[in-house]
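Every chain is numbered from 1 and lettered A, B, ... according to where its sequence line falls, protein lines coming before strand lines. Because the structure is predicted, anything quoted here is derived from the model rather than measured.
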Amino acid sequence: MKHTIAILVKDHPGVLARVASLFNRRRFNIDSIAAGHSEKKGITRITIVTEGDDNILEQITKQLNKLVDVIRVRDLPKEASVERELALIKVSTKSTDQRTEIMQLVDTFRGHIVDIDKQALTIEVTGTEDKINAKLKLLESFGILEISRTGKIALARGAQRILN
Amino acid sequence: MKLSGTEIIVECLKKEKVEVVFGIPGGAIMPLYDTIYQKATFTHILTKHEQGAVHAADGYARATGKVGVCIATSGPGATNLVTGLANAYLDSIPIVAFTGQVISPLIGTDAFQEVDIIGITLPITKNNYLVMDIKDLAPIIKEAFYLARNGRPGPVLIDLPKDIQLAQTEFHYPENYRCSGYQPKWKGNLNQIKKAAQAIQEAKKPIIYGGGGIINANASEELREFVQKTNIPVTTTLMGLGSFPAEHPLSLGMLGMHGSYYANMAISEADLIIALGTRFDDRVTGNAKNFCPQAKFIQVDIDPAEISKIIRVDIPIVGDLKYVLTKLIQLVEPKQEKDWLNRIATLKENNPLKYRKDNHLRPQYIIEKLYELTKGESIIVTDVGQHQMWVAQYYRFGHPRSCISSGGLGTMGFGLPASIGAQIGCPEKRVICIAGDGGFQMNIQELATAIHNKVPLVVLIMNNGYLGMVRQWQELFFGKRYASTSLEGSPDFAQLVQVYGGKGIRVSTIDDFNSALVQALSERQFFLIDCLIPPEENVFPMVAPGEPINKMLGGNES
Ligand SMILES: Cc1ncc(C[n+]2csc(CCOP(=O)(O)OP(=O)(O)O)c2C)c(N)n1
Ligand SMILES: [Mg+2]
């Protein structure tokens, strides 16, 4: 089963290496990892999507909590959180017709064109992982040149916060 | 007043009441050594290899319960610490290691003697620090000592770029330190403790399975009191030896791969297993899937990550063992399960440890004799191999911190340097190092450290001419093909010690051994006895790898 884990860590050099090394060393897998500033200065929020049963999730949580730089660890269940991922997709365009076709498609799935060139369009899409995958599928036939995805980020629904 | 980085380190060590440090200097750590030379209040012991330094710090920590400290230079000095740090990490031993590092502008450039020791030791330290700002130095040292000794102890490394050692700042040592990232839960949850008490009350065949956590928590007294009240038999891991007196009628000795037959049988029949400060290592459980499926489990540990890691337990308690046991003693009613105690007594009586008693100088005899002469009042330090298991089986440890052995990592070469540390930490005690002829040669250079510093160790070499433990496995599981396990070419250890300036004697008969041991114990100087023992003696009983622990080879011949 897939789990989304939010980890608040002290913004120290090497802290990502510590977290990644722990996953690697204990054979926990990482589907995606995203990191950035949190609402509090000096604290970074890392979101990791991992795969494993409840026992593995429990071990991951406990082992992460042992890291001195780790402040909080929370499993964010799908039903109780909002999840997003951002993807930039570069698609090749061979003709004006094709370009119009892509632009319409992007419009209907509410993506944005963020760069245009004679040979290519770059599209920004956000959504859940599934939605992004679906959009990628739609764009596949035009020829995808490059993809960059952020990996999932998530927040619990409602007013609750991880840090009080 | 401003102090330099190295003056700050020396001041901090003073504040932490450090009495002795072990290490070797080199380019990147010279400023620290220069300050130690001029200003240190502690003793510095120069070892002959950094592995010797870290194992000595480790032995010192195990024997005294204090934090062991070691120092190495950058690059090769730092990498030489790696085995020792891993060893301390796996056995939860408090160590603070300082390493020199190239000047900070050169970090990352593959400068002379630069290695990423932080990266290398990431998975084998409780935490580690690269100091990049002189202002961080004192708080980091404070945190390092706090982390090393609190909660589940472990090694911490501080990497010190040379320019930081030389930089200056105002010195202030934080007195009341609170580490936001690490606050061990000391008090066990009272509801859980009540549940445990209830389960203990109801159990018909309870057993205590204790580990090194009892020793780390200084909870031996509480354990004894608890057993006094409940009459529950106790078996321990290698790391737990000494936490409960072997002479106690309810002691079952060690369990596991080379545990006593009766300990393995008793735990396999138990209906309640009370796991105290122990982590269900595979050397204990055999195939964990088959480990005591009949039993209910209580597990007490200060480290939440150990709870249910290997076996899902019924009643988990995260907390300090001293605290939890004290509560349990208050909560349980006195009890005595007569049938179970009779069963335990029968198991013990019918299946004693045994070996051939003839006119050969057998290793088991050596340990029995040593016990007889020392009355269990010594600190016994072992190396790793067959001799280690014979010590665990035949020496009847009576006190916590009297058995010092590399458990989790099984590090050959640990024995000699660790005994130096133990003896320096406990000068009034008798420290005896028992090593194999293989492992002794892995840190044999520390003979110079011991003898030069007049460390009065008694060393017994169990000389079987083999990497014995491996040879035993080859005999039993690899068709007697003794691939690279003969130690032909070893020196005469007694003569070698004499060259270093110590006393050494080689013995091959029971009589010669007896008189040599009596002499060694009557003196107070470095004394090595090289014991020629039968080359193909095996350690029994034994659980073959992958088997459940109640299936033992050479267990109940009676
Ligand atoms: C550093 C290290 N290398 C290899 C081993 C594997 N090993 C375990 S026991 C053993 C043999 C030890 O031989 P010796 O020191 O003579 O002790 P004996 O078993 O003969 O008592 C070996 C090679 C180890 N535990 N540690
Ligand atoms: Mg040997």
Side-chain angles (χ1 to χ4, degrees), chain A residues 1 3 5-30 33 35 37-46 48 50 52-75 161-164, chain B residues 86 89-90 92 104 107-108 116-133 136 139-140 142-144 146-148 150-154 156-159 177-185 279 288 299 301-313 316 318:
Chain A
M1 206 183 120
H3 296 275
I5 305 173
I7 311 161
L8 296 179
V9 298
K10 290 185 202 154
D11 179 16
H12 283 171
V15 67
L16 261 181
R18 277 176 208 282
V19 171
S21 148
L22 189 150
F23 272 76
N24 178 46
R25 140 95 179 86
R26 303 226 174 239
R27 291 279 160 255
F28 304 144
N29 90 309
I30 298 183
I33 180 164
H37 296 299
S38 71
E39 69 279 12
K40 200 161 171 194
K41 196 168 169 255
I43 294 181
T44 297
R45 185 173 177 125
I46 303 174
I48 290 183
T50 183
D53 59 20
D54 289 351
N55 282 340
I56 291 182
L57 181 71
E58 182 180 329
Q59 261 298 306
I60 292 177
T61 309
K62 286 171 165 177
Q63 294 293 349
L64 280 170
N65 270 317
K66 277 172 73 166
L67 295 180
V68 176
D69 285 338
V70 168
I71 299 164
R72 285 293 144 74
V73 182
R74 281 281 182 288
D75 177 34
R161 311 164 54 192
I162 295 182
L163 263 189
N164 306 311
Chain B
Y89 186 67
L90 283 179
S92 310
S104 49
I107 291 178
D116 173 17
I117 197 64
I118 295 297
I120 290 171
T121 59
L122 211 58
I124 52 167
T125 51
K126 195 167 161 184
N127 203 15
N128 57 20
Y129 305 84
L130 171 62
V131 188
M132 288 300 276
D133 184 339
D136 296 338
I140 283 175
K142 182 78 193 179
E143 185 166 293
Y146 171 87
L147 287 174
N150 283 286
R152 179 180 183 172
V156 179
L157 180 138
I158 304 176
D159 201 20
Y177 174 76
R178 208 176 143 272
C179 178
S180 62
Y182 188 78
Q183 290 151 354
K185 192 159 161 271
R279 58 185 175 83
Q299 187 181 5
D301 207 290
I302 190 82
D303 180 359
E306 285 308 338
I307 304 268
S308 293
K309 184 178 80 177
I310 305 291
I311 286 176
R312 187 142 286 276
V313 299
V318 177

Is chain B contacted by the side chain of A:V68, its backbone, both, or neither, given a heavy-atom distance below 4.5 Å?
both
Within residues 10-23 of chain A, residues adjacent to chain B where the heavy-atom gap is under 4.5 Å:
A:K10, A:A17, A:R18, A:S21
When every non-hydrogen atom of B:Y182 is compared with those of B:Y146, the smallest separation belongs to O-OH, 3.3 Å
Listing, residues 301-311 of chain B side-chain donor-acceptor contacts under 3.5 Å, not counting sequence neighbours, or none:
unit_1: B:D301; atom_1: OD1; unit_2: B:D303; atom_2: N; d: 2.8
unit_1: B:D303; atom_1: OD1; unit_2: B:A305; atom_2: N; d: 2.9
unit_1: B:D303; atom_1: OD2; unit_2: A:K66; atom_2: NZ; d: 2.5
unit_1: B:D303; atom_1: OD2; unit_2: B:R152; atom_2: NH1; d: 2.8
unit_1: B:E306; atom_1: OE1; unit_2: B:K309; atom_2: NZ; d: 3.2
unit_1: B:E306; atom_1: OE2; unit_2: B:R152; atom_2: NH1; d: 2.8
unit_1: B:E306; atom_1: OE2; unit_2: B:K309; atom_2: NZ; d: 3.4
unit_1: B:S308; atom_1: OG; unit_2: B:V313; atom_2: N; d: 3.1

In Å, rounded to the nearest 0.5 Å, how long is the span from OG1 of B:T121 to CG of B:N127?
9.5 Å
Are B:D159 and B:N128 close enough that some pair of their side-chain heavy atoms sits under 4.5 Å apart?
no
Test of understanding: with side-chain contact (heavy atoms from CB on, under 4.5 Å), list the residues that count as partners of A:N29, not counting sequence neighbours.
A:D31, A:T50, A:E51
Relative to chain A, which segment of B:D116 carries a heavy atom at a distance below 4.5 Å: side chain, backbone, both, or neither?
neither
Could you tell me which residues satisfy side-chain contact (heavy atoms from CB on, under 4.5 Å) with B:D136, sequence neighbours excluded, listed by chain and number?
B:D133, B:I140
Nearest heavy-atom neighbours spanning B:P184 and B:N150:
CG-C, 4.4 Å
